[in-house]
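Below you'll find the structure, written out as structure tokens, and then a few comments.
Quick note on labels: first sequence line is chain A, next is B, and so on, each numbered from 1.
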Amino acid sequence: MNNEARCVWLYAVTPGGAGPPREAATDEHGVGGGRVRAVRAAGLTAIVGDVREGEFGQAALRRNLEDLDWLERTARAHHAVIEAMAVQGPVVPMRLATVCSSDDSVADTLRQRADDLREALSRITGRREWGAKAYAAAEPADPGAGAAGPPGDQEPAARRPGTAYLQRRRAQLTSRTNARQEAMAGAQAIHAELSRLSVAARLYPPQTPGLAEQPEPMVLNAAYLVADERADQFAAAVNDLTGRHRSVRLGLTGPWPAYSFVGGPDTDKERR
Amino acid sequence: VTELSPVVADQRIALVDLLDRVLAGGVVIAGEVTLSIAEVDLVTVSLRALVTSVSALIDTGEQNR
């Protein structure tokens, strides 16, 4: 094609017999616009694609990862291939920006990490990842004007406007704090219940309000590995929890390829 | 709002949810065979990208007001 140096992008690892995702869906739509293909070794198949070193080599990666548009494009392309693989069978995703120098080094990696990778494959087979996000419910418009004063305070507030203001303000803050505490407690209860229905759970840090496109503070950002036969039960539980915990707004995402549960023992729920 | 049905193919996944997973999940391959950026490094880099870009958006918004 041309003389430009190439390196090899790793998307995922699948069991030995699996091929690259079937045509059209990902052809020419891989990371960097490249075709997706398979590298086989140690009874495993790595799903890979060629990328230009000028864009995906170490120095370029460092620069490009700072660019949110590039990051988004790359993350979506990476995900699209993994998602297409997940439709066909079990798939262990690689972290974004795993780049090898050649097919030989991909094969070496498969051989060196064969035990880990096989273990990860068996952990996620027949299971999918679901995401749950909970936000503190929007604050009540009026935080109870009547209940504002501290108990035993008989002073007519109207005669001391400064005091009345402080009382209102304190009541407002108290109500906000209570709402937040209630939401946190709700999130804990939800997490406990969803963990019970899943094989493993992983907590992510809350997304910052600006990024999460939600004005309310996030109180739960978790991923759950759920057996396929329990998926309906899991969804029903989310529905039920939504009704029971009015202090939070709960949302479900997925199913996802098991990104959150292939990284080793630290993703097990025992380690929380 | 709870979505009980699986995310439909043409519905765009929220970028933040995707970045949580592709940057902090997945198998990490480290070693001389790869050009991959180290775990901590990568997360720092991308978070900086996100924070920078979001604050840039906010700045632009305020200037337009």
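- When all heavy atoms of B/Val28 and A/Arg113 are compared, the closest pair comes out as O-NH1, 2.9 Å.
- Contact check for A/Glu129 versus B/Arg21: side-chain heavy atoms found under the 4.5 Å cut-off.
- Atom-to-atom distance recorded for A/Leu110:CG and B/Ile29:CD1 is 8.0 Å, nearest 0.5 angstrom.
- Residue contact with chain B, scored on non-hydrogen atoms closer than 4.5 Å, is absent for A/Glu83.
- Contacts between A/Arg128 and chain B at a heavy-atom distance below 4.5 Å are absent for every atom of the residue.
- Atom CZ of A/Arg244 sits in a crowded spot, with more than 12 heavy atoms from other residues, nucleotides or ligands closer than 6.0 Å.
- Put simply, the side chain of A/Arg95 gets close to the backbone of B/Ala24: a donor and an acceptor are under 3.5 Å apart.
- A/Tyr204 and B/Asp20 get closest at one heavy-atom pair: CE2-O, 3.5 Å.
- In this structure, chain B has a heavy atom under 4.5 Å from the side chain of A/Asn221, while its backbone stays farther away.
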Worked check of side-chain contact (heavy atoms from CB on, under 4.5 Å) between A/Arg76 and B/Ile13: CA-CA 9 Å; A/Arg76 289 195 187 282; B/Ile13 290 168; 4.3 Å; yes

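- Contact of A/Ile82 with chain B is not made at all, since no heavy-atom distance falls under 4.5 Å.
- Looking at A/Ala75, both its backbone and its side chain come within 4.5 Å of chain B, counting heavy atoms on both sides.
- The two residues A/Tyr259 and B/Val22 have their closest heavy-atom pair at CE2-CG1, 3.7 Å.
- Smallest separation of non-hydrogen atoms from B/Val27 and A/Val262: CG2-O, 3.5 Å.
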